[in-house]
Amino acid sequence: MAKFEIYKDKRGEFRFRLKAGNGQSILASEGYAAKSGCNNGIESVKKNSTDDARYERLESKGGSPYFNLKATNGQVIGTSEMYSTTSAMENGIASVKKNASGASIDDLS
């Protein structure tokens with residue numbers, strides 16, 4: 001079962017990552033000063049993850065495909081890992097679409 005993990009980074013900011021049922025991280029957030037902001041980010045991912053128009057498909061300077069998930073206001077709410085191929089990236093998007101809305105939340109902070 002997919003889950004969101006909330007954790008604190010080295011700078012003391014709250015972050016979340018969405019992990020697929022196999023434990024692989026498929027989406028990661030920016031840092032939030034407050035846990036409430038982090039929880040709002042998770043709710044935004046759940047709300048926006050099923051809409052393909054919210055996914056921004058990109059390529060890194062090194063040529064690796066990746067994607068951002070954006071809220072309705074255009075703000076990035078999650079970023080994927082770097083993928084080796086475009087089809088692998090599309091599989092990552094499909095996994096977020098399938099898993100995010102029903103994912104549980106595991107607070108590790």
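Atom set for the values below is all heavy atoms of this structure, side chains included, hydrogens, waters and symmetry mates excluded. We number each residue from 1, following the sequence as shown.
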Side-chain heavy atoms nearer than 4.5 Å, only ILVMFWY residues, links allowed to pass through others: does that put M89 and V76 together? no
Check this for me: K46, atom NZ, are more than 12 non-hydrogen atoms of other residues, nucleotides or ligands nearer than 6.0 Å? yes
Heavy-atom count around K47 NZ within 6.0 Å, excluding the residue itself: above 12? no
Between the side chains of [Y] and [X], is the shortest nitrogen-to-carboxylate-oxygen separation below 4.0 Å, so that they form an ion pair?
X: D107; Y: K35; result: yes
X: R57; Y: E90; result: yes
X: D106; Y: K19; result: no

If we ignore hydrogens and angles and just use 3.5 Å, is the side chain of [X] paired with the main-chain N or O of [Y] as donor and acceptor?
X: S80; Y: F67; result: yes
X: S64; Y: S60; result: no
X: S29; Y: F16; result: yes
X: D51; Y: A53; result: yes

Start with the C-alpha gap between I6 and L108, add the side-chain angles, then the distance that decides, and say whether side chain to side chain contact (heavy atoms under 4.5 Å, CB included) holds. CA-CA 6 Å; I6 297 174; L108 306 176; over 6 Å; no
Residue set satisfying ring pair (Phe, Tyr, Trp, His ring centres under 6.0 Å) with Y32, at least two apart, ordered chain then number -> none
